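Order of the sequence lines fixes the chain letters, A, B, ..., with proteins taken first and strands second; residue numbering starts at 1 for each chain. It should be emphasised that the depicted structure is a prediction, and the values quoted were computed from it without experimental measurement. Side-chain atoms are counted along with the backbone in the values below, which use heavy atoms only and exclude waters and symmetry mates.
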Amino acid sequence: MSTADWPLFEVFIRSRHGLSHKHVGSVHAVDATSALENARELYTRRNEGTSIWVVPSNAISASAPEQKDALFSSPVEKIYRHPSFYKLPAEVDKM
Amino acid sequence: MYAQMVDTGVKSLKHRSEMSADEQAFMARIDNESKIEPQDWMPDAYRKTLVRQISQHAHSEIIGMQPEGNWLTRAPTIKRKLQLAAKIQDECGHGQYLYSAAETLGVGRDQLLDQLHTGKAKYSSIFNYPTLNWADMGAVGWLVDGAAIVNQVVLQRTSYGPYSRAMIRICKEESFHQRQGYEILLTMMQKGTLAQKDMVQDAINRFWWPSLMMFGPNDDASTNSAQSLAWKIKRKSNDELRQMFIDQTVPQLEVLGCTAPDPDLQWNPETGHYDFGEIDWSEFFNVIKGNGPCNKQRLEKKVKAHENGTWVRDAAQAYATKQQAGAATKKEAS
């Protein structure tokens, strides 16, 4: 079996205690155990993480680019969902 | 620059009115500084150019381990050895980030490695020069990584998302490379013997011009460069990047107390830049064509390393297959 058939895993790293795991890249590996080992070598050479997740890339369901408008255009208009929308006097503007 | 003379397959730039509706929408996104992502529509030529450029960049990182690997067992102190090993490991990592970015364009890693091993794909001309003395480790870190950083800092804004993200990661890591290289030279110049100081100047003499060639040929009459700039794959032209590199490097050269092997190098108060001499492009094209001092040796070593690793890949695969079969049997039994 050639390495061309080795599955791809997406790599997520938790940078500091309390923050979510964040996508950092991907690795090829024969299985999840070796994917974790490869990810450790590749993505944590400088204390980047305290925890690693690897997920088979084909297990991820993603939104399609052509749905971009339908999914994401509506909140753009809803600026009242942001604190900066509400103008307050300077004395209380730290709120 | 780690990618030189990337062919875009384009003879002349298309006018907007000659473009399909898809292409026009694509160019509007590029103009808007939106990043193009793997699932987005893109012109075939854009995709092919990216594969060429990103894989060439990746191959350069991988082959780039060899000139430094040459001095790993002969580093003067354990500290220098650890630093050099860390830098070489980074180069390998950078190659992996870039192969991953190329793979998002639908090309397999095996395919890319195959193109490198058969000589079909190129890597930067700079790695076909030998590293002859310890000062070369300093000169490579300072000049070669320095030139790469100038290019890569700008490439962080490249239009293709995965390439841009790989560049951001690489730039974060690479500044240490240049500083450790410069520190090697500075230590030799400040504390070294006369012979060691001569070694530094000799290393600079040999790496100066090849480092300037890393940015690729002059801008005039390069359709490839113009197309890559229009697509915002490249953000600055070869000559602009080369000038940036020279302007930032000459003051560092002066702090070392060394000179460049270029009698025409001098500050031009009118332009606010350094003037410099003509590059020997016949040497550049000769190295690109495969006739540099080390082309053959670099490729042979890479192919051999890949072949010698076959049993490791086979063993990993056999173990994983066995584990999976074991897990399947257990499931059936329960």
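Between chain A and the residues Q323(B), R109(B), Q111(B), the largest count of heavy-atom pairs under 4.5 Å involves R109(B). Top candidate by heavy-atom pairs under 4.5 Å with chain A, chosen from P162(B), A318(B), A166(B), A316(B), is A316(B).
Contact of S34(A) with chain B is not made at all, since no heavy-atom distance falls under 4.5 Å. At a 4.5 Å heavy-atom cutoff, E66(A) makes no contact with chain B through either its backbone or its side chain.
The number of heavy atoms from other shown groups lying within 6.0 Å of CZ (R313(B)) is above 12. In N308(B), the CG atom is crowded: over 12 heavy atoms of neighbouring residues, nucleotides or ligands sit closer than 6.0 Å. The 12-atom threshold is exceeded at NZ of K68(A), counting heavy atoms of other residues, nucleotides or ligands nearer than 6.0 Å. No more than 12 heavy atoms of other residues, nucleotides or ligands lie within 6.0 Å of NZ in K48(B), so this atom counts as exposed by the packing criterion.
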| query | Would Q324(B) and V30(A) satisfy side chain to side chain contact (heavy atoms under 4.5 Å, CB included), going step by step from the backbone distance to the final call? | reply | CA-CA 11 Å; Q324(B) 279 152 16; V30(A) 281; over 6 Å; no
| query | Would H23(A) and R165(B) satisfy side chain to side chain contact (heavy atoms under 4.5 Å, CB included), going step by step from the backbone distance to the final call? | reply | CA-CA 11 Å; H23(A) 184 245; R165(B) 292 190 282 274; over 6 Å; no
| message | side chain to side chain contact (heavy atoms under 4.5 Å, CB included) for Y99(B) and H28(A)? Distances and angles first, verdict last. | response | CA-CA 11 Å; Y99(B) 283 130; H28(A) 283 279; over 6 Å; no
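Within the 3.5 Å criterion, the main-chain N or O of L42(A) finds a donor-acceptor partner in the side chain of Y97(B).
Separation of atoms CD (E48(A)) and CZ (R169(B)) is listed at 5.5 Å; rounding is to 0.5 Å.
Between R45(A) and G93(B), the shortest heavy-atom contact is NH1-CA, 3.9 Å.
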